[in-house]
Asks: 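Sharing a structure, written as structure tokens. Questions coming.
Treat the numbers as computed from the prediction; the structure is a model and nothing was measured. A note on names: the letters A, B, ... follow the listed sequences, proteins ahead of strands, and every chain is numbered from 1.
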Amino acid sequence: MTATMTITAPKPANGSPQSSAQALRQNLARSLKKLLRNPLSVAGLLVILGLLLVAAFAPWVATHNPLAQDLANTLKAPSAEHWFGTDEYGRDIFSRLVYGSRVTLYIISLVTVIVGPVGLAVGVVSGYFGGWIDTVFMRITDIFVSFPGLVLALAFVAALGPGLDHAVIAIALTSWPPIARLARAETLSLRRADYIVAVQLQGASSLRILLRHVTPMCLSSVVVRLTMNMAGIILTAAGLGFLGLGAQPPVPEWGAMISAGRRYMLECWWLVAMPGMAIMMVSLAFNLFGDGMRDVLDPRSE
Amino acid sequence: MAMIEVEGLNLSFGEGAEATQVLHDVCFQVGDGEAFGLVGESGSGKTTVLRCLAGQYNHWRGRLSIHGEGLGRKLDHARCRKVQMVFQDPYGSLHPRHTVETALAEPLAIHGMDRRSERIDSILGKVGLPANFRYRYPHQLSGGQRQRVAIARALILEPRILLLDEPTSALDVSVQAEILNLLADLRVRDGLTYLLVTHDLGVVAHLCDRVAVMQQGRIVDLLETSAIVGSQPAHPYTRMLVEASRHYSRDMANPPVAA
Amino acid sequence: MTTLALPAFSSRRMGGLGRRLAIVAVTLLGLLAMTFFIGRVMPLDPVLSIVGSDADHSTYEQVYKQLGLDQPLYVQFGYYLRDLLHGDLGRSLMSGNPVTTDILRVFPATIELATLAILFGTCVGVPLGVFAATHKGRLGDQVVRVISLCGYSVPVFWFGMMGLIIFYAWLGWAGGAGRVDLAYDGLVQSRTGLLLIDSALAGEWEVFRNALKYITLPACILGLHSMAYIARMTRSFMLNQLNQEYIITARVKGLSEREVIWNHAFRNILVQLLTIVALAYGSLLEGAVLIETVFAWPGFGSYLTSSLLLGDMNAVMGCVLLIGIIFVTLNLVADALYQVFDPRTR
Amino acid sequence: MNTSHAPMLDVQDLRIAFRTGEGLVEAVRGVSFQLGREKLAIVGESGSGKSTVGRSLLRLHPRSALISATKMRFGELDLLACSEREMQTVRGRRMSMIMQDPKYSLNPVMRVGDQIAEAYLTHHRVPKKEALDKALAMLETVRIRDPQRVMRMYPHEVSGGMGQRIMIAMMLITDPEVVIADEPTSALDVSVRLQVLATLDDLVSQRGLGLIFISHDLNLVRHFCDRVLVMYAGRVVESIAACDLEQAQHPYTRGLLAALPSVDERRERLPVLQRDPAWLAA
Amino acid sequence: KTPSDQLIIGMSMNNLLSLDPAGATGNDVVEINANLYDSLVELDPVNTYKVMPALAESWAIADDKRSITFKLRRGVKFHSGNPLTAQDAAWSLQRVLKLNLALASVWKGYGFTAQNAETSIQAPDAQTLVIRLPEATDPKLVIYTLATSVSAVVLDSKKVMANEKDGDLGRTWLTTNEAGSGPFVFNEWRQKDVLMMTRFDGYWRGAPKLRRVLLRHMTESQTLRLMLERGDIDVANGMSVPDVEAMKKNPAIVVESVQRGNVYYVAMSVKDQKFADKRVRQAIRSLIDYDGINKTVMPNYGVFHQRPVALGLPATLPEPGYRLDVPAAKKLLAEAGFPNGFKTSIRVLSDPPFINIATSLQSTLALAGIDASVIPGTGNQVYGAMRDRSFEIIVGRGGGGAEPHPHSNLRSLVYNPDNRDEAKLTNFQGWRTSFISPEINALIEKAEVEADEKKQLAMYQDVQKLYDQQVGAIQPVSQMIDTVVLQKDIRNFRGHPAATTHWRDVYKQR
Ligand SMILES: Nc1ncnc2c1ncn2[C@@H]1O[C@H](COP(=O)(O)OP(=O)(O)OP(=O)(O)O)[C@@H](O)[C@H]1O
Ligand SMILES: Nc1ncnc2c1ncn2[C@@H]1O[C@H](COP(=O)(O)OP(=O)(O)OP(=O)(O)O)[C@@H](O)[C@H]1O
Ligand SMILES: [Mg+2]
Ligand SMILES: [Mg+2]
């Protein structure tokens, strides 16, 4: 081999990685660095991390038992004893918010775990194969999309009976079609790409192409979308809670807290303001974080 | 024996009234170890011929055979081992999320080949990439390096035929020279057969033994590259191609035909 | 939460009108079948809603039969479809009114609300989005980003209640719950059902002003979410266009930045924008549920919810069908917009 | 070819850097040249800063760019000191630019005629009708057949060669003094390329414009232009009359020339460019 | 500000489905129909046992207590202008039985059926109405029902029959129309929006003072409150407690409460093995925080009451004094074999105060180790499950009581003549809980026909004692109270225990 090697591109900043793991690490580190450059995304990330910590250490963070009623101390304004005041049963709102973060995370993660894979699978398969498979899948998503979201959730909750898990299922049912469409659109733009054609010409099976080549490319935009969905999930759960169909008492779910507290809202602003702020902060954080992620992972969409 | 035989290849896209025929009775043969060039204007069907041979399209009519064996419609593993393709755009032909190693290991995994690490090492050496490039992502490589990876990916299955679709047109002159040298070396070393598509007659002249000129889905001229050198080809289109690749002069554009 | 995606229909190959309609029909049929099924598995008993919880068994049975609930499911569905083909949506199980009449009564109120909301969302969202795109990465962009993401993040019912307290109870700027002062109720003859238009047609400007006072607050709050959505999409569309070569061409011609943005870039996103607005509009119609509850707005959303909770599946099916048709139509319209306004697809 | 003595463009020690996430990237590092009524080519490998120089003359660089120069004059105008307002009167009117790919450089939702007329209307207070007539005449000048019809077409309906001619018509309709052409024909087929080049050639010589022709095709530039600037990594390594290119001094230029595969001369292997770090400092 | 001659009432009209007096369910429609129609007799809103003449000037009970004869007033006209006759009255009652809709239940309870309707209800002449009782019962009870049930109002039979369709006795038409003689004429009803009526100038008692009455649909209590405070509505029904409490402090507003016959209760299904054991039921009885619930949750919804017979009736015994007693409950549970409690579920309406009672119950049950999950739902779902006898614990409300008569309560809450599933006595809450006590049943039946008022009273007291001893499956917690919030300038708005609040004398003092 006599051809001389010369590097024409600027040298990669981090030098040559020595293993796949390292390469992956470098890749992630680069993305993270890019993400951290945007102060808003950092703020979002911090709030999310805070939420995770609070949820993980809820018993230590909370000042009271979130379920303990203290009928002598109902509807007390925020004070040193009860930082965010108490509700109509004298329960400490701060502690309920702290434990509520667990509920919120539970809902978010469960919905995401259901919606992500389902949406991704449907979208990727129908986008890649096209033809009647695509037609059938897309008709089904059309049906779900044309179904009014909150109503579908309402109907399912009504069908299954109110409750946290049922709310989760209902929300999941309404939120997979957009993911599927996204993944499909992404796949459609990919399936004629040279690198997909290249593996096809190497004899790779469809399953292999879908799993190893197409899915990873859709993943980033799907992940971004899922992150931004999380805000929506929180709000839908809160909306269901507001209509009395979400989490059930005495579970300290934030939406249900607003729903219960709104009866006292005009006198006791803290009953709705505190969980309202919590919902807003967290969903804003997910939105900001998702937005930042999109800038990093998915520069095309901007 | 001819390595590649194309006889009466016809292909249309679309159905019914909207159908457009893209290839009309394309015929040519490429001998074993030969480098065959395919030139012509944009949209004349050069890439399409390659894709038919590679197995991406399977609704062609006519007869294609490789090494005497007629090609079926289905892409089977045996055919993949014989024919591989290198694409025009080195920026689009590598999976952006796969490292060089992953990209090279993929065909080995598909065909269940052993000694993967060794093979990857040796193929990287062959295309002139240092071994520590294994764990790089495409965006960490220059265009020329990417094209080397793409060539390595095609060669790792040890095919007899390499279909090259404008492998250097996205590259700088200096890098193009490196890749052309590499291709020339590989051919000599492994006895590969090339079918090279390009619109640059210089490249063809440098690398190929024979060249076919395509226009609107037909082969209009077929000649030895040695015949180009210093002479005036018979077909007017070929003549213009040759002229244009030599130099520019105001008169060549005459008669002024509107585009 | 309503997430929007670009219509799947807008694969811009003309599949022929017949094919299109067939697809629409299949979608709507699936929608109905699903609704019907949900309605049946739901442990909501319309009979109980009608006879009350203290009725005795013979009354219960009698109504049960009258509603045809003793028939097998597929027979019921078949009857429903048969009537549907004759343009009959059936009667509300509760009131016995034809569902069509009910919907025609409640729908204009929601249309009015949603239209104003989308106007608000568009008129605020588009300039914000353009501003953000032209100031990408700078302070203005970040401010718009936070504003619009807040629009996504605030629970709408919470906003509604806050708005009512501040603008109605404290400041007295807005009307309270409902569409118009009761004193004005029934003053103008209902022609379109849209109170603003009806009163304007009748020349009752007093009523018009009053109705406007009532509708502004809920419409703005409802429009907030779509404002956020439209602003974000405008920004992203604009950025896409601003990176295009033809923008540089326009600058090379010596156009001022304003002309470049509005005459060139914006013209190119117009069709996409209309699509987005159309879809946002569709989701507003259904997203009005919570706002209608808070503002006691006698609209479609609250009709649908309460019918659902009473188990009045005929009404629910009618509503779902309507929403389905609206969605499909909006999709088709969005498609048509591309066909008409984007020269590339002609 | 008439080369006037007072240069229209005079650029001294032009430096352009981009602020990026990884810090400042210097794209152009001290470029100087003068342009008279001539055809000046800028060649060099990809990323050497050719386009950046071209765009900076029209001040079309992104906000992230930092520009400095000891001198950057256009006629009597100091381009660096110009306000955005003043630049708008320069752009299109006195100096314009032909872009690489007509497919992307024309506004897809505007009719071709309107786009050309807009270029005229921006600088001349005339009725729309007159501008359209002007555009029609201009289309004839660039030898487009059936210009009436083409005026009403949308960019996606015209072929590449036609698009590039429309582009030329649009950029020359205001009679600018200087035209910058950034790889105007690299997206076109050989035969079409020849015709478009001929059109450009004719117009430039008829109107006595200064042309900056950015390209990486040495073979073409050698015959098409009067003078060649060879750029390497943001610097001009050599400035030479086109006809003297064979006698180029700089090893980079010589390397580029040698690396070109040629129809007439078959070589066993192509000499590969050996980069010398000293070039960066030169 | 609302106009001075109009009354604007804000309330939730979610449950207002039909205006037909025969098919009316819920209290909202009772109040509306009480003002569109007239009944034969009325109950005094203050002295609620006192029956007052209305359309009937006088009435007499036969000596054998098997028939009642009413003499109707002359010169009463329907809104249509038709004269009101005894035939109309008879036809109206017969119609209820023939249609067999929701409100037929109470009549069927007295033995009336669609078949015997024409023979037992007769109008010998235009001014005389004779009602014969098919079964022996207390005629007083029937008169009370005539005074309180909207099904007993008199319909304009000609007008209704003119609008009959497919032999439905005008049912479809009456769903959204009216054919009465009451003080107000129905104008328009836009469902879940507004219902309007205007004064009937030809009303036999003299035209009402209000020109118009509007009912406006509002579900959010906060909204009601804001609109009350700004004077945009006059009367608010169904406000939540915190808002009512806040309104009490507002000098421009008055809050009026009126006791209703229903009770809030905790019901257990005896079908469930655990609750079949009397000791477990007793334990649950000791695990309800009666004081806490009535102090914190119930104000404006109900008042402390633990007996199945409505508070304030002569027959009602003093409160038995059940209270939260965790140790006692634990002991009972241990005896019953549940030393560590058990798992169960509480079905409950998701609205206050039900959900609040359930939440309280859940936490007190937990004190004895009983792990109860709360399953909230709409009224439809909760009572649907109860009618299907598929529940463990329900927090609900019920117990008849429109008539100020112990029988009304006992029949609804306790009486269970046939405990088989197939009997489907779904209107008896006793049957729904599967609780059956032959002694109590016999005593209720006997008391109903007892002529001697003293003896009858004693029997009803015995029923209550027995119910206490046998630990009935339905444990009342609170007697229902209805709270209306109104502007101070409204006069003569007197809430009625049977929800038949009359607006005919209401006016605004401005
Ligand atoms: N999948 C396809 N569907 C429809 N038409 C196609 C398809 N692929 C190629 N064509 C058409 O076939 C013709 C030949 O295309 P091909 O890509 O083979 O040309 P080419 O000679 O490789 O041109 P270039 O030099 O631009 O690469 C073109 O007119 C193209 O529009
Ligand atoms: N907006 C920008 N931000 C950062 N770096 C930039 C930007 N634009 C150009 N560059 C860098 O400036 C250098 C010169 O780019 P330029 O486009 O001028 O090269 P060129 O000579 O025109 O190349 P080509 O032949 O590929 O068009 C490159 O290294 C490029 O990466
Ligand atoms: Mg090609
Ligand atoms: Mg360039």
Asks: Heavy-atom distances under 4.5 Å only: say whether Arg59(D) touches chain C with side chain, backbone, both or neither.
Replies: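 No part of it gets close to chain C.
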Asks: Test Asp175(D) against Arg94(D) for salt bridge (Lys or Arg N to Asp or Glu O under 4.0 Å), laying out the working first.
Replies: CA-CA 7 Å; Asp175(D) 265 325; Arg94(D) 299 182 56 197; over 6 Å; no
Asks: Taking the six-membered ring for Trp, are Tyr104(D) and Tyr246(C) ring centroids under 6.0 Å apart?
Replies: no
Asks: Treating Arg37(D) as the side-chain partner and Leu209(D) as the backbone partner, does any N or O pair qualify as donor plus acceptor under 3.5 Å?
Replies: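 Between the backbone of Leu209(D) and the side chain of Arg37(D) there is no qualifying donor-acceptor contact (under 3.5 Å).
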Asks: Residue by residue, which of residues 250-266 of chain C have a heavy atom closer than 4.5 Å to a heavy atom belonging to chain D?
Replies: Arg251(C), Val252(C), Lys253(C), Gly254(C), Leu255(C), Ser256(C), Glu257(C), Asn263(C), His264(C)
Asks: Counting only non-hydrogen atoms closer than 4.5 Å, does Met167(D) touch chain C with its backbone (N, CA, C, O), its side chain (CB onward), both, or neither?
Replies: side chain
Asks: Decide salt bridge (Lys or Arg N to Asp or Glu O under 4.0 Å) for Lys129(D) and Asp133(D); before the verdict, give the C-alpha distance in whole Å, the side-chain angles of both, and the deciding distance to 0.1 Å.
Replies: CA-CA 6 Å; Lys129(D) 175 82 186 52; Asp133(D) 289 342; 3.1 Å; yes
Asks: Is it the side chain or the backbone of Met99(D) that comes within 4.5 Å of chain C heavy atoms, both, or neither?
Replies: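 For Met99(D), the contact with chain C is made by the side chain alone.
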Asks: If I measure from the heavy atoms of chain C, does Glu157(D) come under 4.5 Å with its side chain, its backbone, both, or neither?
Replies: neither
Asks: Go through the steps to decide whether Leu79(D) and Arg73(D) satisfy the test side chain to side chain contact (heavy atoms under 4.5 Å, CB included), and finish with yes or no.
Replies: CA-CA 6 Å; Leu79(D) 286 177; Arg73(D) 297 199 74 83; over 6 Å; no
Asks: In Å, rounded to the nearest 0.5 Å, how long is the span from OG of Ser51(D) to CG of Leu60(D)?
Replies: 11.5 Å
Asks: Keeping Arg207(D) on the side-chain end and Leu172(D) on the backbone end, is there a donor-acceptor pair under 3.5 Å?
Replies: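 Yes, the answer is positive, given that a donor and an acceptor are paired below the 3.5 Å cut-off.
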Asks: Is it the backbone or the side chain of Arg85(D) that comes under 4.5 Å from a heavy atom of chain C, or both, or neither?
Replies: neither
Asks: Do you know which of Met97(D), Lys103(D), Met110(D) has the most heavy-atom pairs under 4.5 Å to chain C?
Replies: Met110(D)
Asks: Rounded to the nearest 0.5 Å, what separates atom CD1 in Ile118(C) from atom CG in Leu284(C)?
Replies: 4.5 Å
Asks: Sorted by first residue and then second, give each side-chain hydrogen bond (donor to acceptor under 3.5 Å, both in side chains) pair with at least one member in residues 123-133 of chain C; sequence neighbours left out.
Replies: none
